[in-house]
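For reference, the structure is listed below as structure tokens.
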Amino acid sequence: LYLGTATYDLPQFAKRQTQCFVDRKCSVLALQLTNDAPTKQEMADAVASADIIVVGGGNTLYAIDRWKRLGLVTYLQEAQKRGAIL
């Protein structure tokens with residue numbers, strides 16, 4: 001799972017930051033959070049299905065604030081508890 005919120009979900013950053021996984025035939029889902037507001041169920045499902053969660057660098061304060069407002073932080077904490085790599 002790729003979270004590119006800190007780079008405002010811009011595709012050029014997502015491609016650069018996930019290419020190594022794609023090259024190794026990994027399936028990469030990007031959860032778009034900057035302009036979209038996925039449902040809590042969509043966020044929960046995306047995080048629950050991820051073994052690895054990649055957080056792109058950039059405006060970290062914006063990303064964390066956005067995640068808190070959307071309720072994503074709870075799902076990330078659950079992923080950490082189950083052993084997902086963050």
Side-chain angles (χ1 to χ4, degrees):
L1 177 64
Y2 174 71
L3 299 175
T5 317
T7 53
Y8 308 102
D9 293 320
L10 294 171
Q12 66 268 28
F13 291 109
K15 181 176 170 123
R16 186 171 59 207
Q17 294 173 349
T18 60
Q19 191 63 50
C20 65
F21 296 104
V22 173
D23 291 346
R24 288 165 180 77
K25 310 294 186 225
C26 296
S27 174
V28 177
L29 169 68
L31 189 57
Q32 304 286 317
L33 301 169
T34 300
N35 297 314
D36 299 327
T39 66
K40 291 196 182 292
Q41 189 62 54
E42 290 169 330
M43 290 188 294
D45 291 346
V47 173
S49 69
D51 296 317
I52 300 171
I53 300 171
V54 177
V55 177
N59 187 341
T60 308
L61 293 176
Y62 167 77
I64 292 171
D65 181 61
R66 182 77 174 142
W67 298 343
K68 285 180 179 177
R69 280 193 268 138
L70 292 174
L72 180 67
V73 172
T74 300
Y75 305 120
L76 294 175
Q77 290 169 335
E78 291 170 4
Q80 180 184 17
K81 288 177 186 171
R82 71 173 166 77
I85 298 170
L86 301 169

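Numbering starts at 1 and runs along the sequence shown. Keep in mind the model is a prediction, meaning the values are calculated, not measured.
Here the closest non-hydrogen pair linking L1 and A50 is CB-CB, 3.6 Å. D9 approaches T34 most closely through the heavy-atom pair OD2-N, 2.6 Å. What you find for A6 and G56 is that their closest heavy atoms are CB-O, 3.4 Å. For S49 against A46, the heavy-atom pair with the smallest separation is OG-O, 3.0 Å.
The main-chain N or O of T5 is never found under 3.5 Å from a side-chain atom of R66 such that the two would form a donor-acceptor pair. Counting only distance, with no hydrogens or angles, the side chain of R82 and the backbone of E78 share no donor-acceptor pair below 3.5 Å.
A side chain to side chain contact (heavy atoms under 4.5 Å, CB included) with D45 is found for one member of E42, M43, Q41 and no other, namely Q41.
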Hey, mind stepping through V55 and L76 against side-chain contact (heavy atoms from CB on, under 4.5 Å) and telling me if it holds?
CA-CA 11 Å; V55 177; L76 294 175; 5.9 Å; no
Please lay out, stage by stage, how Y62 and Y8 fare under the test side-chain contact (heavy atoms from CB on, under 4.5 Å).
CA-CA 9 Å; Y62 167 77; Y8 308 102; 3.6 Å; yes
Quick one: do V54 and V28 satisfy side-chain contact (heavy atoms from CB on, under 4.5 Å)? Show the steps, please.
CA-CA 10 Å; V54 177; V28 177; over 6 Å; no
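By the criterion of side-chain heavy atoms lying less than 4.5 angstrom apart, applied directly or through intervening Ile, Leu, Val, Met, Phe, Trp or Tyr residues, L31 is not grouped with L10; the two fall into different hydrophobic clusters. At a threshold of 4.5 Å between side-chain heavy atoms, the hydrophobic network of Ile, Leu, Val, Met, Phe, Trp and Tyr places L86 and L29 in one connected group.
Here the NZ-CG distance, from K40 to L70, works out to 7.5 Å after rounding to the nearest 0.5 Å.
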